[in-house]
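Lettering follows sequence order; numbering is per chain, from 1.
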2 protein chains.
Amino acid sequence: MRDLAVCASLPPQEVDSLERYVSSMELQANAELARAGQPCRQAYSVTSGMLRLVRTLADARRQVVAFVLPGHFVGLTEHVVHRQSIEAVVPSRVCAFELDGIRDLRQRFPGFEHSLLERACRDLDDAHDAMLLLARLSPLERLASFLLRLRGQMKIREDDPRMALPMGRGDIADHLGLTVETVSRSFTRLREQGVIALPDPQHVEILDAGALSELASALR
Amino acid sequence: MRDLAVCASLPPQEVDSLERYVSSMELQANAELARAGQPCRQAYSVTSGMLRLVRTLADARRQVVAFVLPGHFVGLTEHVVHRQSIEAVVPSRVCAFELDGIRDLRQRFPGFEHSLLERACRDLDDAHDAMLLLARLSPLERLASFLLRLRGQMKIREDDPRMALPMGRGDIADHLGLTVETVSRSFTRLREQGVIALPDPQHVEILDAGALSELASALR
DNA sequence: CGATCCGTTGAAAGAAGTCAAAATCGGTGG
DNA sequence: CCACCGATTTTGACTTCTTTCAACGGATCG
């Protein structure tokens, strides 16, 4: 609890007061934490596993707006109802904060609000990166950027070339604005070029980090 | 000055203290307020005209991340250097806030920080909309969404079908992730379908608002 | 052991991009 | 006021790349 990023800005003795508004939840894979259209009641901090934020159009076109990894925070919004659903990619554990409680804490501890604002600014910047990726990068470039960014978010030792891809190809496709087929083809092209290895669909090994960054074309 | 959205949350007598950190600036069309890579010193509030936030790749691929209209606020970031340039679309006037001053005010007036956070949450939500648009909408749908969103941001009387498009086709293309040619073709398709009229390239008249919203396919 | 889901691969179709040229607009100077 | 020049927009023909449609292989689960 005290390890949560959002709590770092609260006076230690006040973390207890936070606990009144918090409950821990276990989620199984593909469980829905929130659904688009529902009223917003809670915000969430991921403890383990991985979440996805999904916007869906009436005709089922989907966009995975973000993957949320442990230590990150979602659900803070100015809207009354959710505009996106929040789902578990794999079995996960989250802390749920009552939004009322958050509002209270925000008022009482400026430092708390401050760190929420910092987080929001970073998220906004990430979203802008994603926009450039979706608007202007080729499928190969998108996949390379995605792999590098995901790797950056997971805490992996520099020297370990292996990384897990917990999400399925469909989620990657809906995150990168492509089809599953193009995602799959892009993976195999990277493999054929010797940039990565694919022991199995859920694991990538980065063989040529230089080539991968090259492809990511200076996105970050 | 007192009319600025960001100031509404400050106690009236403190707006004066804000003024110490503020200077008003006139910009001619295409002037650069900030350039990617430069250190961040100021944030800006637009008084008149229009700005654009632009991310550029090494090979000159461009993404207009957002157009900024009067009353809106840009430049608040957690980064030390700008990741995007800020440029005037047309002759504009802005208020420049020293970031140091902002930091000071944020500490002294929780309500100020609060409204900055609200703004950031809204911007993040907008960016997520933009991601869905870039990832999954057809050129025609993107243009329809863009026109309706822009119209919503400008304060135009409901019953006035006319609206101005201050930015060039190139900016629209780089905002929607298309080429100028496809943007132009999309405009003419909308015209041929009787959805809009184009008195000249810088002005649109919305003839069939229903059809336009239909095309925008429930994006907002 | 069969059914289902997921990922991969192949062939075909279609949509946006590229290249090139014509048309229009706006501003300048005669 | 008009003519001209450059920049922007529009249009056309063609190419390219992603999507679409279809089928196959492998893994998982009842």
Quick one: [X] [atom1] to [N] [atom2], roughly how many Å, whole number?
X        : N      : atom1 : atom2 : value
A/Glu192 : C/dT9  : CD    : C1'   : 11 Å
A/His203 : C/dG7  : NE2   : C1'   : 15 Å
B/Asp200 : C/dT24 : CG    : P     : 14 Å
A/Asn30  : C/dC5  : CG    : P     : 13 Å
A/Arg136 : C/dA16 : CZ    : P     : 14 Å
B/Arg62  : C/dG17 : CZ    : P     : 15 Å
A/Arg189 : C/dT9  : CZ    : P     : 13 Å
B/Leu198 : C/dT24 : CG    : P     : 14 Å

Taking only distance into account, with no hydrogens and no angle test, what donor-acceptor pairs under 3.5 Å do side-chain atoms of residues 163-188 of chain A form with protein atoms, sequence neighbours excluded?
| unit_1 | atom_1 | unit_2 | atom_2 | d |
| --- | --- | --- | --- | --- |
| A/Arg169 | NH1 | A/Pro201 | O | 2.9 |
| A/Arg169 | NH2 | A/Pro201 | O | 3.1 |
| A/Asp171 | OD1 | A/Arg62 | NH2 | 2.5 |
| A/Asp171 | OD2 | A/Arg52 | NH1 | 2.8 |
| A/Asp174 | OD1 | B/Arg136 | NH2 | 2.8 |
| A/Asp174 | OD2 | A/Arg62 | NE | 2.6 |
| A/Asp174 | OD2 | A/Arg62 | NH2 | 3.2 |
| A/His175 | ND1 | A/Val64 | O | 2.6 |
| A/Thr179 | OG1 | A/Thr182 | N | 3.2 |
| A/Thr179 | OG1 | A/Thr182 | OG1 | 2.5 |
| A/Ser186 | OG | A/Thr182 | O | 2.7 |
| A/Thr188 | OG1 | A/Ser184 | O | 3.3 |
| A/Thr188 | OG1 | A/Arg185 | O | 2.8 |

*Is any side-chain nitrogen or oxygen of A/Arg191 closer than 4.0 Å to OP1 or OP2 of C/dT9?*
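So the side chain of A/Arg191 is within the cut-off, an N or O lying under 4.0 Å from OP1 or OP2 of C/dT9.
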*Which residues, if any, of residues 179-188 of chain B bring a heavy atom under 4.0 Å of DNA chain C?*
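Hits under 4.0 Å, by residue number: B/Thr179, B/Glu181, B/Thr182, B/Arg185.
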_Contacting residues from residues 139-151 of chain A, given that a heavy atom lies under 4.0 angstrom of DNA chain C_ =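 Listed by number, there are none.
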_Pairwise distance CD(A/Glu141) to CG(A/Leu212) - rounded to 0.5 angstrom_ =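 One finds 11.5 Å between CD of A/Glu141 and CG of A/Leu212.
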Got a list of side-chain donor-acceptor pairs under 3.5 Å for residues 93-100 of chain A, not counting sequence neighbours?
| unit_1 | atom_1 | unit_2 | atom_2 | d |
| --- | --- | --- | --- | --- |
| A/Arg93 | NH1 | A/Glu26 | OE2 | 3.4 |
| A/Glu98 | OE2 | A/Gln42 | NE2 | 3.0 |
| A/Asp100 | OD1 | A/Arg103 | NH2 | 3.2 |

*Check whether any side-chain heavy atom of B/Leu33 sits under 4.5 Å from a side-chain heavy atom of B/Val74, and report yes or no.*
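A side-chain contact under 4.5 Å is absent here.
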*Is A/Arg151 close to A/Ile206 at the side-chain level, that is, under 4.5 Å between some pair of heavy atoms?*
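Contact flag for A/Ile206/A/Arg151 side chains = yes.
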*asked:* Of all nucleotides in DNA chain D that come within under 4.0 Å of a heavy atom of chain A, which is furthest toward the 5' end and which toward the 3' end?
replied: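 Range of nucleotides touched by chain A: D/dT18 to D/dC21.
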*Taking only Lys NZ, Arg NE, NH1 and NH2, and the carboxylate oxygens of Asp or Glu, determine whether A/Arg162 and A/Asp160 approach each other closer than 4.0 Å.*
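The answer is no: the pair does not qualify as a salt bridge.
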*asked:* Regarding A/Glu192 and A/Arg189, does a basic nitrogen lie under 4.0 Å from an acidic carboxylate oxygen?
replied: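 Between A/Arg189 and A/Glu192 there is no salt bridge, as every charged N stays at least 4.0 Å from the carboxylate O atoms.
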*Are B/Gln63 and B/Arg55 close enough that a side-chain donor and a side-chain acceptor fall under 3.5 Å?*
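Per modelled atom types, B/Gln63 and B/Arg55 side chains form no pair under 3.5 Å.
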*Which residues satisfy the salt bridge (charged side-chain N to carboxylate O under 4.0 Å, His left out) test with B/Asp123, sequence neighbours excluded?*
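For B/Asp123, the residues satisfying salt bridge (charged side-chain N to carboxylate O under 4.0 Å, His left out) (neighbours in sequence not counted) are B/Arg119.
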*Taking for each residue the nucleotide of DNA chain D bearing the nearest heavy atom, is the 5' side occupied by B/Gly170 or by A/Gly177?*
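Closest to the 5' end, via its nearest nucleotide, is B/Gly170.
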_Taking B/Arg35's backbone N and O only, do any of them form a donor-acceptor pair with B/Gln38's side chain (distance below 3.5 Å, no angle check)?_
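Yes, the answer is positive, given that a donor and an acceptor are paired below the 3.5 Å cut-off.
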*Atom of A/Ala216, atom of A/Ala144 and distance for their closest heavy-atom approach*: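 Looks like N-CB, 4.0 Å.
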